[in-house]
Amino acid sequence: MEKQYNPVSVEDKWYAIWTEKKLFHGDEFSKKPKYSIVIPPPNVTGILHMGHALNNTIQDILIRFKRMTGYEAMWMPGTDHAGIATQNVVEKKLAKENKTRHDLGREAFLKEVWKWKEQYHATITNQLKKLGSSCDWDRERFTMDEGLSKAVRKVFVQLYNEGLIYRGKYIINWCPRCQTALSDEEAEHKESNGKLYHFKYPFKNKEGFVIVATTRPETMLGDTAVAVNPSDERYKDLIGQMLVLPLVNREIPIIADDFVDKEFGTGAVKVTPAHDPNDFQMGLRHKMTPIVIMDETAHMTGPIPQQYIGTDRFACRKQIVADLEALGLVEKIEDHTHAVGQCYRCATVVEPYYSNQWFVKMKPLAEGALAAAVDGKITIYPERWKKTYIDWMENIRDWCISRQIWWGHRIPVWYCKECGKTIVAEETPSECPYCRSFDMTQDEDVLDTWFSSWLWPFSTLGWPQDKKALQKFYPTDVLVTAPEILFFWVARMIMAGLHFTDTLPFTDVILHGTVRDKTGRKMSKSLGNSIDPLEIISVSGADALRFSLIVITAQGADVFLSKDTFDIGRNFGNKLWNASRFLLENIKTKHVFTGLPSSASLSAFDKWILSRLNTTVAEVSKAIEAYRFNEAAHLLYDFTWRDFCDWYIEAKKADLYQTEDNARMENALNTCSWVLGNILKLLHPIMPFITEEIYSTLREKIDYSSLLDSEYIMTSSYPKANESLVNPVIEKEFSLLKDVITAIRTIRSENNIPPDKKGRAIIVPSSQENADLLCPHITEINMFCRLNETIIDLKAQGPKFSGQAVVMGNQVYLELAGLIDISVEKDRIKKEIAKTEKFVESTKARLSNPSFADKAPADVVAKEKEKLAGIIENLEKLKLSLKALEE
RNA sequence: GGGCGAUUAGCUCAGUUGGUUAGAGCGCUUGCUUGACAUGCAAGAGGUCACUGGUUCGAUCCCGGUAUCGCCCACCA
């Protein structure tokens, strides 16, 4: 084995083997219970970023863990066509050739996008593979493949027939750059510093003005009224009077509407039904015809003064203000912060736009999805998101699903030119069912991307056909994603699952944090602050990336990364590698693993590591089941590094080196390889590659049939805790041994004693019990502390000029002629005395509080008393030590 | 405007069903080319657990308030 672990070739090798042997495939005919996850499909033209790395690592841990614990595990992979995003990318490419999609035409443009899709699809899936994702690639789906498209059309038709899909002219969020409608969720509200403009609208028949306040002056060109609250004393008498809209010179009435807030602005609102959702509602209430004054690119148009026509909305805003200023109609301009909607794909400020769109009626769909969360049939981790989910469900609004782009599922609706009827059908109709005409045109729009994603958990499994896989793997078990798409995707999947399959598509939702840089900014390509996962993988390996991400990510918390974050995983992998290497290099001929030695021939150290191992096994499994992955990673890190490497292997070194006593060597090999084998299995879900690599080497050197139960670790069984090997007494006793060793090391270190100077330790245990514990470990104490002699004697008199310490009542002396600096020793003991005295004081104070004895539970009081006795004993011994040094 | 989260070592973060002397990684100091590993070993320094009231025998943890930061939602133009 190499001195340093080199992940690059190893990782690719194993992924190829796993794939070739089809070890990731979930068999729908299996008798085993299933465990299934559907991947949140990444954008087909996307590139793997740290968010994906975290997301997919979590899913892979669960899938691999469940696979090893006896489930038929299936992880459904796939990609999303990501309508607007993908179309934008391809349009950008065309723009470089000075072309637009309109130059190509719909058909040619779509061909171009498909080409792009084919090319980039491989990029994202290869990146997922690099990460080690054990997806069932045989089942991979794409949101626009034939089966899924069929599901989309079926669902559309069904909802239409149920009256849950309708078309109508409403105000929707419009992105003037993408030139399409957006859903409410796709318009992101960002705080921004704007202005509140106060304009004077003159009366028609008399002197004076009504002052209105607006943040969007350009919309005044489309005003159809000014509204006031009917109970507003200031304006009561003006209701019904006419104003003259400045610049346009159109007459508009003053109307009364409860919607108007008397407190805000001047209490008088300009009403622009075609360009504001509230005004639109008011327009309906007052039967006003909306006046459209902006086109789909947010340039001014319509029945407005010539000089504004064709100007951009923001340029027009400036111009309007200037023009009103010139007329003396600007009362004042105030600073005003408000939330402005932006397109979630291109950050362009969205415009409320009056247009004909398709909608899904959401209230009926939300009922069940709401109940599922309230009743606890769905659990969201961390739980605090449940409230957010419930709020959204309770206040749900209809979903605008039509998009004026080309890349996506074409709306399955045809309009008959002959009879004018609307035909909604899963397949292209050959003739109009109403008038037999052949002259029909399909709706030009496509569906919102999320209209296919919300079917993902069952459409990918073949719904509505192919029942076998669906029966086996649906519903899925857990959905792992980022909270950003809780509404976009998770909530809608739950609604779709309930509505179309009568089943919740999953029962658990894991929402992990957002990946940020060290200054807290979201990592993104546009900010240029992202760390490329592939770069980390190519240097330190996917295991290092995975382990590092997992170990630092608390459940649901955001993740802050810098490049050296990944050293944690790299170093840990290297440590594991070298521990394994050490063990394997001490195996001269193939070792036959004969099982763990019988309890009688286990040393205390053996019993200790087995106790720690089985405790760890139980805790790790519990942590993974509870989705506390960082806890699992920490437990494994500590057990592997601190317990196994720092103490156990160090203690076993002598046995592994020596050649005389074969029985001891055999014993050491058996226990070490047993523990290592278990570590590899425990770690495999988090670090799949390095564990598989070491496991394969292990199988070469060790005949392991009773321990290694499968050719590959990924198909091995996950360790189960053996309760009978958990031994709290041994663990407690070992902390004493470790403390004694550390005390001697501290004395050495603080006195600057060179490593090659060996000395003698004299230990005066505080009890026969402690003497009995420490005596069997004289060899180990000598080795760990580089001593040539250790004397353990209850009645020994500590030598005067020595390093001294008191550990849990046991006195420890280190004798090294001429090398101990007495002043150093005195200082340390004085410090120790001061610390102990403080401790004694606080404990005494607690015990002497009468209400403590009265009210605290008896065992707590007893514990405190015992503690006090112990530390007083310590204190006495420390004082004696100091006295001895001072004589 | 409503809701949620965070505030713990120099930095980044765990943790606590309320009970010994609060943890990790990195960084820092000191000593080590010790026959697995310098991506390492050993030892050490470093914290009034944001502030403030309350509940309690006991609060870093539970409750109220304040401050700062962050996130989500929202049709006051």
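In what follows, chains are A, B, ... by sequence order, proteins preceding strands, each numbered from 1.
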In whole Å, what separates the P atom of B:C26 from that of B:C72?
33 Å
What nucleotide among B:U20, B:A77, B:G25 has an atom nearest to a side-chain atom of A:R642?
B:G25
Gap in Å between the two P atoms, one belonging to B:A50 and one to B:C61, rounded:
8 Å
Does the structure show a Watson-Crick or G-U wobble partner for B:A42, both distances under 3.5 Å? Name it, or say none.
B:U30
B:A6 and B:U16: how far apart are their P atoms, nearest whole angstrom?
12 Å
Quick one: does A:T481's side chain get under 4.5 Å of A:L511's, heavy atoms only?
yes
Could you check which of B:U39, B:A14, B:A77 has an atom nearest any side-chain atom of A:A557?
B:A14
Rounded distance (Å) that lies between atom C1' of B:C75 and atom OH of A:Y170:
16 Å
Would you kindly give the CG-to-P distance between A:N849 and B:C57, to the nearest whole Å?
9 Å
With the side chain of A:F852 defined as its heavy atoms from C-beta on, choose the nearest nucleotide among B:C4, B:G19, B:A14.
B:G19
Should the ring pair A:W174 and A:Y353 be called parallel, tilted or perpendicular, given that the plane angle runs from 0 to 90° and is split at 30 and 60?
tilted
Please state whether the rings of A:Y657 and A:F582 are parallel, tilted or perpendicular, taking 30° and 60° as the class boundaries.
perpendicular
Span that lies between the C1' atom of B:C63 and that of B:A24, in whole angstrom:
31 Å
Scan A:P850 against the nucleic acid and name what it touches under 4.0 Å (heavy atoms): base, sugar-phosphate only, or nothing.
nothing
Can you tell which of B:U20, B:G19, B:G44 lies closest to the side chain of A:K867?
B:U20
Determine the contact category for A:R748: base if any of its heavy atoms lies under 4.0 Å from a base atom, sugar-phosphate if only primed atoms, P, OP1 or OP2 are that close, otherwise nothing.
nothing
State which of B:C32, B:A77, B:A43 makes the closest approach to the side chain of A:H338.
B:A77
Gap in Å between the two C1' atoms, one belonging to B:U17 and one to B:U12, rounded
28 Å
B:A42 base / A:E650 side chain donor-acceptor hit below 3.5 Å
no
Given B:U34, B:U39, B:C57, the nucleotide with the shortest approach to the side chain of A:R570
B:U39
Partner lookup for B:C4, please. Criteria are Watson-Crick or G-U wobble with both distances under 3.5 angstrom; report none if nothing qualifies.
B:G70
Scan every strand shown for a Watson-Crick or G-U wobble partner of B:C57, both distances under 3.5 Å, and answer none if you come up empty.
B:G19
Identity of whatever pairs with B:G64 - Watson-Crick or G-U, under 3.5 angstrom
B:U52
Test item: side-chain donor near acceptor, A:T272 and A:D223, under 3.5 Å
yes
Between B:G18 and B:G58, how far is it from one P atom to the other, in whole Å?
16 Å
Measure NZ/A:K575 against C1'/B:C37 and give the value in whole Å, please.
6 Å
Name the orientation class of the two ring planes belonging to A:H336 and A:H338 (parallel below 30°, tilted from 30 to 60°, perpendicular beyond 60°).
tilted
Side chains of A:I747 and A:R828: closer than 4.5 Å at any heavy-atom pair?
yes
Side chain of A:T214, heavy atoms from C-beta onward: which of B:A77, B:A36, B:G5 has the nearest atom to it?
B:A77
Let's see if you can work this out: which of B:C57, B:A43, B:A74 has an atom nearest to the side-chain heavy atoms of A:S851?
B:C57
Here the gap from A:I552 atom CD1 to A:T565 atom OG1, rounded to the nearest 0.5 Å, amounts to 5.0 Å
B:G65 and B:G46, which share atom name C1', separated by this distance in whole Å
32 Å
Is A:T843 touching bases, backbone alone, or none of the nucleic acid, heavy atoms closer than 4.0 Å?
nothing
Report the base-pairing partner of B:C11 (Watson-Crick or G-U wobble, both distances below 3.5 angstrom), or none.
B:G25
Taking a pair as Watson-Crick or G-U wobble with both distances under 3.5 Å, which nucleotide is matched to B:A36?
none
Determine the Euclidean distance between corresponding C1' atoms of B:G23 and B:A9; express it in Å to zero decimal places.
10 Å
Could you give the NE2-to-C1' distance, from A:H189 to B:G1, as a whole number of Å?
14 Å
Checking B:A36, B:A43, B:A74 against the side chain of A:R745 (C-beta onward), the nearest is B:A43
Taking CD from A:Q555 and C1' from B:G5, how many angstroms apart are they, rounded to a whole number?
14 Å
Name the closest nucleotide to the A:A339 side chain, picking from B:G35, B:U39, B:A74.
B:A74
Looking only at atom types and distance, does a side-chain atom of A:N229 sit under 3.5 Å from a main-chain N or O of A:K262, one as donor and one as acceptor?
no
At 4.0 Å (heavy atoms only), tell me whether A:A554 reaches a base, stays on the sugar-phosphate, or touches nothing.
sugar-phosphate
